[in-house]
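Below is one structure, written out as structure tokens, with a few remarks after it.
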Amino acid sequence: MSYLSKKNVEDLKVAGKRVLVRCDFNVPLKNGVITDENRIVAALPTIQYLINNGAKVILCSHLGKPKGEPKPELSLAPVAARLSEKLGKDVVFAADDNVVGDNAKAAVAAMKDGDVVLLQNTRYRAEETKNGEAFSQELGSLCDLFVNDAFGAAHRAHCSTVGVASYVEESANGYLMAKEVQYLGSAVNNPARPFVTILGGAKVADKLNVIENLLNKADTLIIGGGMAYTFLAANGYGVGTSLLDSEKIDYCREMLARAEEKGVKILLPVDCTIAKDFPTPIDGEIAVNIVAADAIPDDMMSLDIGPATAELYAAEVKNAKTVVWNGPMGVFENPTLAKGTIAVAKALAETDAITIIGGGDSAAAVNTLGFGDKMSHISTGGGASLEFLEGKELPGIAAMSDK
Ligand code: AMP
């Protein structure tokens with residue numbers, strides 16, 4: 001499937017039509033207050049386009065993991081209020097525990113062109129994550145057209161991302177979906193070179209397929225975070241009590257050999273920030289030491305890359321023309337252990353290269369550090385961007401109508 005073969009919102013005739021838009025309003029909440037509105041802001045272009053073009057705009061999304069039952073703390077009501085502020089117009093919230101209930105039906109029946117209705121959390125329904133037919137059909141019964149703009153959920157075949165598309169006249173990608181696919185797609189498939197990818201985060205196992213796919217595309221692969229120690233072990237180093245996936249040591253060895261064959265450079269930590277124990281609480285005070293990567297004592301664990309590694313990685317970023325980054329370099333939740341992640345974020349902020357942040361923790365880190373507006377693109381989808389980097393087809397895009 002080529003993403004370019006799929007319709008996008010401008011290919012639909014939306015005036016006077018009821019258009020269901022799957023958004024990604026999965027925003028962080030603290031005591032009912034939205035603490036990061038990036039995903040709401042990212043959804044605005046599609047919503048505004050539909051309003052301006054006379055559609056009746058019905059929005060839906062999941063929020064958190066209510067596991068198929070109504071959970072008041074995961075209601076989308078706060079999103080309706082914030083969205084209303086952002087759009088400068090009323091957003092009617094249809095608070096049905098069964099999502100497509102009496103409130104939703106009445107609200108949609110009363111809509112005029114340009115009106116906006118938001119449905120309740122789609123994951124209040126157990127069928128949602130199973131792509132069940134009945135719920136897909138119910139969603140379809142509310143609308144004429146379907147637009148999927150939830151990149152963050154595009155790697156999942158659910159009722160509100162895939163199933164509903166079978167019960168509408170036509171479906172299309174929204175602007176956010178198109179933007180995500182354009183940035184990630186051109187970075188991976190047609191990168192300005194040198195193309196440097198940086199992978200971090202906790203486990204090698206989560207990123208096996210990404211590593212394999214990127215070895216065919218990138219010029220340099222930089223490895224940091226908890227996954228680096230399985231690679232160091234593959235090189236024969238002792239890693240003390242650092243995070244280690246002993247079942248994946250052989251895999252890492254194979255990847256190192258394959259990289260050499262292909263002429264892809266793999267950079268691993270040359271020094272480490274070590275401590276006796278993992279910090280508790282995670283942001284609590286911690287005493288650390290810096291040692292060479294081949295000198296981690298048996299009873300110590302590495303919780304961040306060291307300063308020489310940070311410099312090495314930053315220098316590589318400086319020479320790049322395209323950089324894709326997914327996963328922190330250390331336990332960045334702790335200020336003492338965030339230095340490697342900050343150094344990499346800073347290097348990305350200072351380069352003229354195309355810089356793409358693959359969602360999740362790295363996106364949070366970049367935003368918290370205030371470097372957000374210095375990046376070419378920060379993906380709204382952690383899991384989805386990883387699956388895209390793996391080269392997998394995203395079902396939420398595949399289900400859209402062909403051009
Ligand atoms: P992921 O979800 O795979 O991107 O992993 C992110 C998590 O990896 C963060 O919570 C970090 O604290 C954690 N992490 C990064 N480096 C290390 C490390 N050296 N040891 C243990 N955990 C780490």
Side-chain angles (χ1 to χ4, degrees), residues 26 28 65 152 155 197-211 214 221-234 237-246 248 252 267-293 295-297 299-310 313 324-345 348 356-369 378-390:
N26 186 25
K65 292 184 175 155
H155 58 315
T197 63
I198 309 172
L199 292 178
K203 295 194 211 98
V204 180
D206 293 348
K207 289 173 193 169
L208 293 182
N209 299 327
V210 184
I211 297 171
L214 290 179
L221 198 53
I222 293 179
I223 310 273
M227 61 191 283
Y229 307 98
T230 308
F231 277 93
L232 290 179
Y237 297 2
V239 296
T241 55
S242 309
L243 212 55
L244 175 72
D245 188 341
S246 46
K248 294 291 178 301
C252 291
L267 295 185
L268 298 175
V270 293
D271 62 348
C272 300
T273 302
I274 58 168
K276 197 98 198 127
D277 296 298
F278 197 87
T280 43
I282 195 160
D283 58 352
E285 243 175 71
I286 184 161
V288 297
N289 264 325
I290 309 294
V291 295
I296 303 174
D299 59 344
M300 303 284 275
M301 60 175 67
S302 177
L303 295 168
D304 191 13
I305 56 174
T309 309
Y313 289 4
V324 172
W325 180 23
N326 190 297
M329 297 291 99
V331 182
F332 75 106
E333 296 91 336
N334 188 298
T336 310
L337 305 169
K339 292 188 181 127
T341 303
I342 293 174
V344 167
L348 261 76
I356 295 169
I357 312 299
D361 282 327
S362 6
V366 161
N367 281 324
T368 331
L369 296 168
I378 301 181
S379 176
T380 52
S385 69
L386 270 182
E387 294 205 10
F388 193 93
L389 294 177
E390 282 175 28

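In each ligand, atom 1 is the first atom listed, and ligand 1 is the first ligand listed.
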Write down the atom of [X], the atom of [Y], and the distance for their closest heavy-atom approach.
X      : Y      : value
Cys272 : Ala293 : SG-CA, 3.9 Å
Ser379 : Ser385 : OG-CB, 3.7 Å
Met227 : Ile223 : CG-CG2, 3.9 Å

Could you walk me through whether Thr309 and Met329 pass side chain to side chain contact (heavy atoms under 4.5 Å, CB included), step by step? CA-CA 10 Å; Thr309 309; Met329 297 291 99; over 6 Å; no
Test: side chain to side chain donor-acceptor pair (under 3.5 Å). Region: residues 276-289. Which pairs qualify, not counting sequence neighbours?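 Sorted result for residues 276-289: Lys276-Asp299.
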Quick check: do Thr273 and Leu303 have side-chain heavy atoms less than 4.5 Å from each other? no
Is there any protein N/O under 3.5 Å from an N/O of ligand 1, and what does the full list of such pairs look like?
residue, atom, partner, partner atom, Å
ligand 1, 3 (O), Ala202, N, 3.1
ligand 1, 5 (O), Ala202, N, 3.0
ligand 1, 8 (O), Ala202, N, 3.3
ligand 1, 10 (O), Glu333, OE2, 2.5
ligand 1, 12 (O), Glu333, OE1, 2.7
ligand 1, 12 (O), Glu333, OE2, 3.3
ligand 1, 16 (N), Gly226, N, 3.2
ligand 1, 19 (N), Ser302, O, 3.1

